[in-house]
Amino acid sequence: MSAATTPASSGLSHSPQLTDSHGRTIHDLRVSITDRCNYKCIYCRTGKAGAQYPELENEEYLHLIRLFVALGISKVRLTGGEPLLRRGVVELLQELAQLRTPAGKRLDLALTTNGHLLESLAGALKDAGLNRVTVSMDAVDAATFERITRVPGSFDEVLKGIRAARAQGLTPLKVNCVLLRGFNDDQIEGFVRFAREEDVVVRFIEFMPLEEERLWSPGMVVPLKEIVERIGRTMPLVDLAPREAGETARRYTFTDGAGEIGIIAPVSQAFCGACSRVRLTSDGKIRTCLFSQVEHDLYGRLRGGADDTELSAYIVRTVNGKEARHHIGEPGFLKPSRSMVHIGG
Ligand code: SAM
């Protein structure tokens, strides 16, 4: 057995299962592999070029991810910034596909992308071992879409990317749309048709205060209740059971069973009690919540010479201290120390 297929060693003797002090099991790791992006979505980035935080080498990401896997992480999602801009993303996935959980299982490997480079990469990503992809797409109307991304021609590229990913079997293919009142809330009905026609799962996401600029206000959030009512006026929605415990999206289909809609409502109906995630930023810091005020410098410890036993113990301690919940909308709420594009969405 090669080193890559050997279940990674945590150096700990107890059964590997990351938990926090609020009784949640953590099995989902999101890894940002760059904070660069080729889009300038109005609700996310200012549009400054280049990375603001350093990127690690592939071997360094792998080293850290292996430690998490040995501790019970079974799902790894690559994100960014835009992960498909990262050199060596296919090779990184190939390596991740060789990892096994302590129970000997393959990882569930997913990727979140804006889809711009997906058409040319979908086949290689699938061959490398990627299971699923989520594409961000905030409008089904090209002009509205490009007003949001601020990149001419982006709509056609994303559409081609979605179709290529679906053709490669990177399914269920999820399309995430962040709804902003006054910008794209007129797209809801169009997305319902899109989900049914393109055979993708469209998920509406409530806008969170995670942008680089100050745009967010409670009034800009289109809440779950309103989305359900809007869709229900033309097409009655039928509830679907969660696919897995701790699923963040409420799932719906239609009376004829064609098409699936999800709604992720972190603002109006927070799901922190079921959160099973932690994040690793592109510069190797652990974030235990999107809204954390502190980061935990795992990579700094690796560079400082900590061995795997020490790093694993640090991960266990850090995850144990995961915040109970976020405080969006409450008096005294503070935006996190980084915005979404620099955390890894
Ligand atoms: N570039 C990739 C993409 O576009 O999917 C991955 C990174 S992007 C930051 C990840 C997700 O975060 C996207 O679906 C994006 O729409 C979402 N996002 C960014 N800012 C957000 C905000 N303030 N509220 C809710 N979602 C946000």
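Atoms within a ligand are numbered from 1 in the order they appear, just like the ligands themselves.
- Within the structure, the side chain to side chain donor-acceptor pair (under 3.5 Å) test picks out the following pairs touching residues 257-276 (sequence neighbours left out): Glu206-Ser268, Arg243-Glu260, Arg250-Gln269, Arg251-Glu260.
- With Asp35 contributing its side chain and Ala51 its backbone, the two residues share no donor-acceptor pair below 3.5 Å.
- Between the side chains of Ser154 and Thr149, at least one donor N or O sits under 3.5 Å from an acceptor N or O.
- Salt bridge Glu91/Arg86: absent, no basic N to carboxylate O contact under 4.0 Å.
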Expected rows: ligand 1 N/O, protein N/O, dist below 3.5 Å:
residue	atom	partner	partner atom	Å
ligand 1	1 (N)	Gly81	O	2.9
ligand 1	1 (N)	Glu82	OE1	3.0
ligand 1	4 (O)	Ser136	OG	3.3
ligand 1	5 (O)	Thr113	O	3.4
ligand 1	5 (O)	Ser136	OG	2.5
ligand 1	14 (O)	Ser136	OG	2.7
ligand 1	16 (O)	Tyr43	OH	2.6
ligand 1	23 (N)	Met208	O	2.8
ligand 1	24 (N)	Met208	N	3.0

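- Taken from CZ in Arg106 to CD in Gln98, the straight-line distance is 7.0 Å, to the nearest 0.5 Å.
- Taking the six-membered ring where the residue is Trp, the centroids of His327 and Phe291 are separated by 6.0 Å or more.
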